[in-house]
Amino acid sequence: MPDEYIDIEISAEGAPGVKAGTPLREALTDFPEGSIGAEVDGELLGIEDPIKQGGHYRLLTLDSPQALKIFWHSAAHLLAQAVKRLYPDVKLGIGPAIRDGFYYDFDFGQPISSEELPRIEDEMRRLAEADQPITRAEMTPKEARELFSREGQNYKLELIRGLNEGISVYSQGEFTDLCRGPHLPSTGLIKHFRLLSLTGAYWRGDERNPMLQRIYGTAYPTAEQLAEHLQRLEEARKRDHRLIGRQLGLFSFHPEAPGTPFWHQKGVVLLNAVEEYWREAHRRHGYAEVRTPIILSRGLWERSGHWDHYRGNMYFTSQEDQEFAVKPMNCPGTVLMFGERQWSYRELPWRAAELGIIHRYEKSGTLHGLFRVRGFTMDDAHIFCTPEQLVDEIRGVVRLVYEIYARFGLTEVEVELSTRPLDRIGTDQMWDRAENALTDALKGEGSEFEINEGEGAFYGPKIDFHILDCLGRRWQCGTVQIDFNFPERFQLEYIGPDNQPHTPVMIHRAILGSMERFVGILIEHYGGDFPLWLAPEQAVVLPITDDEHPAAENVAERLSGAGFRCRIDGRAEKIGRKIRDAELLKIPYMLIVGAREAADGKVSLRRRHQGDLGVQSIESLIEQMHSEAAGDSPAVTE
RNA sequence: GCUGGCGUAGCUCAGAGGUAGAGCAGCUGAUUUGUAAUCAGCAGGCCGGGGGUUCGAAUCCCUUCGCCAGCUCCA
């Protein structure tokens, strides 16, 4: 029964139709079996919720994707009910539906251990089997205060203080919770769920508030969907770049340098392959590569505004009574370069790209593999152009962004445009022009985008690019920001056709974000199975016996000569063992040389995950590898 | 930073007051092998660092460093 619609009309005084405030269940004369709520204009309604507006209602069943949000929210309540039965004195925080599940925050007084989760899950199961109806009631703030103060639910009381009339509570059995809803009709619908983890979380996310204990869980209407979701979590665990990074010998971390990776030989090959492609693409798009100092004087950072706004994230050092900062951004250095001399409008745009090494202090608790580090290489560029050139420049950046992502097989990109915040510099006219330039450029390139009203930086509006990896996870990588601040602070100018000085427009942009983080994303996206052009080791020659070593040397030399990364596994192991080890190292090509191949000057070809592909001449192999390496990246799963 | 958990051999992990263990990896030797693990032997440890309790500490306590999970996707 998917996609069933029903129109509801709100009655005016004395006219036919449904009275506003009527619960959805009563408003529907013919309530279809299996309906758990409805959606209208993006708003979700449970069947007990009151109708507020007329409209075209889409009925939801458990099969509807939108219904999951309701489902998870009710699962959170089920969790809270179970916890309250087991720990009667528990204080409830909040328990929303989130992406892929739900959580609920509790104050247990005495912290509980994650070994309690199965017990709680069992209690939830019992409660679900009891199949209690979920009912809704409205009350005034006063009534709500009385209700929750009776139970000593101080967190709920705090929430009520921020609410006006029309407070709703949802109940199932003895359990009542302050809640906006919507919810399922009854708890019996929640059959398949799993509690996943127990962690700490500050009340309202503020570290000055008490630490609550948060229980995360997930639930699905069918056992298959739940199993599939748990499978996805398992897949993500297997793809963890920290694990694969060690298994493949790409990088490591040491306590001596928290938050900064040590890149091993193979990891550097990978980084270099990404950088080589990056340089090639930037040359083609008319960028000039520059390199600015890592340590610059405090005075520069005072002038750029970083001293006032970013000092807490910066590292400092001093020598000869002079204070310096380790750069957290590349822009001031590039701006100094621009300011070195006079510029003619004929020389603009100047697109200065830099793979700049920057350092930012991050709280120790937020460090996470390559994803959150303290030192990294930003694939930065700063474009200085005339106002007339702005739209074209942004369009060029957008094109380059899509081109570069596509090279890595990342074709799903989500774009967000952030507009002027309340606290900002520059005139409204400048903001109009800049926001229009970003909008026009995105439209011109045919990108779909969402607008984040008021989320721009104080110095200018921006576009953010998010890529979706093969597991559908979203990573913010690229950004394009227009900057009114720098040209003003550093009094940048160029001489226009009118022989007068003008202020250039400055654009900051990054595409991959951090090279290190991007490589981490690639590791997880490919699961370590890198396409040929990125693979740290592209081929390994596997002689069957020592007799084939000369022939194997010959094969390896030919491949190395053709520019491929290739080695010989000359160990006194059986071929099965050599294959296994090469498969585990995820080497794309295994070239087996036995007596027959040695005699014919050929190899027996084996591809990672594919097995034996038969005998092939070395010439045709090299040709095949060249075209594979040059082409677009193949599908992620081979 | 804060809360909780975890640091034992290169890796994955056992041991939970009484002589530090296994598998894999490593080394040595044998084996010369045909598409995902050949066999045997050997070696390997300030049980993360520091302090304490105890006759005795990997084990209990304190402290410090690091790692892992999380720290509003708002009732």
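These numbers were taken from a predicted model, which means no experiment stands behind them. Chain A is the first sequence line, chain B the second, and so forth, proteins listed ahead of strands; every chain is numbered from 1.
A/Tyr216 has a side-chain polar atom (N or O) that falls below the 4.0 Å cut-off from OP1 or OP2 of B/C71. At the phosphate of B/U33, neither OP1 nor OP2 sits under 4.0 Å from any side-chain N or O atom of A/Arg577.
Contact annotation for A/Gly365: base contact, defined as any heavy-atom pair under 4.0 Å involving a base atom. As judged by a 4.0 angstrom heavy-atom cut-off over every strand, A/Ile167 is placed among the base-contacting residues. In this structure, A/Tyr155 reaches neither bases nor backbone, as no heavy-atom distance under 4.0 Å exists between it and the strands shown. Using a 4.0 Å heavy-atom distance criterion, A/Lys578 is classed as making no nucleic acid contact. Counting non-hydrogen atoms under 4.0 angstrom, A/Ile94 reaches the backbone sugars and phosphates but no base. In this structure, A/Glu573 reaches the bases: a heavy-atom distance under 4.0 Å links it to at least one base atom across the strands shown. Nucleic acid contact for A/Glu597: base, since at least one base atom lies under 4.0 Å from a heavy atom of the residue. Within 4.0 Å of A/Arg596, counting heavy atoms only, lies at least one base atom of the nucleic acid. Within 4.0 Å of A/Ala582, counting heavy atoms only, lies no atom of the nucleic acid at all. A/Ile579 comes within 4.0 angstrom of a nucleotide base, judged by non-hydrogen atoms across all strands. Among the heavy atoms of the strands lying under 4.0 Å from A/Arg242 are primed sugar atoms or P, OP1, OP2 only; no base atom is included.
Proximity of a side-chain donor or acceptor of A/Gln610 to a complementary backbone N or O of A/Asp612 within less than 3.5 Å is not detected.
B/U54 is unpaired under the criterion used here, namely a Watson-Crick or G-U wobble arrangement in which both key atom distances are under 3.5 Å. B/G29 is paired with B/C39 under the criterion used here, namely a Watson-Crick or G-U wobble arrangement in which both key atom distances are under 3.5 Å. Across all strands shown, B/C71 forms a Watson-Crick or G-U wobble pair, both distances under 3.5 Å, with B/G1. The nucleotide B/G66 finds its pairing partner in B/C6, both defining distances of the Watson-Crick or G-U wobble pair being shorter than 3.5 Å. As the counterpart of B/G44, no nucleotide is assigned, since no Watson-Crick or G-U wobble pattern has both distances under 3.5 Å. Summarising the base pairing, B/G23 is matched to B/C11 through a Watson-Crick or G-U wobble pair whose two defining distances lie under 3.5 Å. Summarising the base pairing, B/A16 is matched to no nucleotide, lacking a Watson-Crick or G-U wobble pair whose two defining distances lie under 3.5 Å.
No side-chain donor-acceptor contact under 3.5 Å links A/Tyr216 and A/Asp100. One side chain, A/His241 or A/Glu524, offers a donor N or O that lies under 3.5 Å from an acceptor on the other. In summary, the side chains of A/Gln81 and A/Gln132 do present a donor paired with an acceptor at a separation below 3.5 Å, with no hydrogens or angles considered. For the residue pair A/Tyr220 and A/Glu228, no side-chain donor N or O sits within less than 3.5 Å of a side-chain acceptor on the partner. Remark: the A/Thr419 side chain and the A/Glu453 side chain contain an N/O donor-acceptor pair separated by less than 3.5 Å.
The side chain of A/Lys574 lies closest to B/U33, out of B/U35, B/U33, B/G70. Of the candidate nucleotides B/C67, B/A36, B/G34, B/G34 has the atom nearest to the side chain of A/Ile592. Listed candidates were B/U72, B/G66, B/A69. Nearest to the side chain of A/Arg214 is B/U72. The nucleotide whose nearest atom lies closest to any side-chain atom of A/Ala572 is, among B/C65, B/A75, B/U33, B/U33. The A/His368 side chain lies nearest to B/A69 when the options are B/U33, B/A69, B/C71. Across B/G66, B/G70, B/A37, the shortest atom-to-atom separation from the side chain of A/Arg580 is found for B/A37.
The interatomic distance linking A/Trp72 (CH2) with B/C74 (P) rounds to 14 Å, in whole Å. Between A/Leu584 atom CG and B/A25 atom P the separation is 11 Å, expressed in whole Å. In this structure, A/Leu212 atom CG and B/C2 atom C1' are separated by 13 Å, rounded to whole Å. With rounding to whole Å, A/Ile215 atom CD1 is found 15 Å from B/G70 atom P. Regarding A/Leu585, its CG atom lies at a distance of 18 Å from the P atom of B/C24, rounded to whole Å.
Taking the centre and axis of the six-membered ring of A/Tyr589, the NZ or CZ atom of A/Arg607 falls inside the cone set by 45° and 6.0 Å.
B/U54 and B/C60 have their C1' atoms separated by 10 Å, given to the nearest Å. Rounded to a whole angstrom, the distance from the P atom of B/G4 to that of B/A58 is 26 Å. Spacing of P atoms, B/G49 relative to B/U8, comes out at 10 Å, to the nearest Å. Taking atom C1' in both B/G18 and B/G56, the straight-line distance is 7 Å, to the nearest Å. Comparing the same atom, C1', in B/A16 and in B/C71 gives a spacing of 32 Å after rounding to whole Å. To the nearest whole angstrom, the two C1' atoms, one in B/C47 and one in B/C6, are 14 Å apart. Straight-line distance between the P atoms of B/A43 and B/A37: roughly 29 Å, to the nearest whole Å. Taking atom C1' on both B/A14 and B/U72, the two are 41 Å apart, rounded to the nearest angstrom.
For the pair A/Arg161 and A/Glu158, the salt-bridge criterion is not met [side-chain N within less than 4.0 Å of a carboxylate O].
Below the 3.5 angstrom threshold, one finds no donor paired with an acceptor across the side chain of A/Arg204 and the base of B/U72.
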A/His359 vs A/Phe376, ring-ring contact (aromatic ring centres under 6.0 Å, His included): CA-CA, chis, key distance, verdict: CA-CA 6 Å; A/His359 289 78; A/Phe376 60 95; 8.3 Å; no
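Toward the 5′ end of RNA chain B lies the nearest nucleotide of A/Lys363, the other residue of the pair A/Lys363 and A/Gly200 mapping further downstream. Toward the 5' end of RNA chain B, the nearer of the two residues A/Tyr202 and A/Leu367, judged by each one's closest nucleotide, is A/Tyr202.
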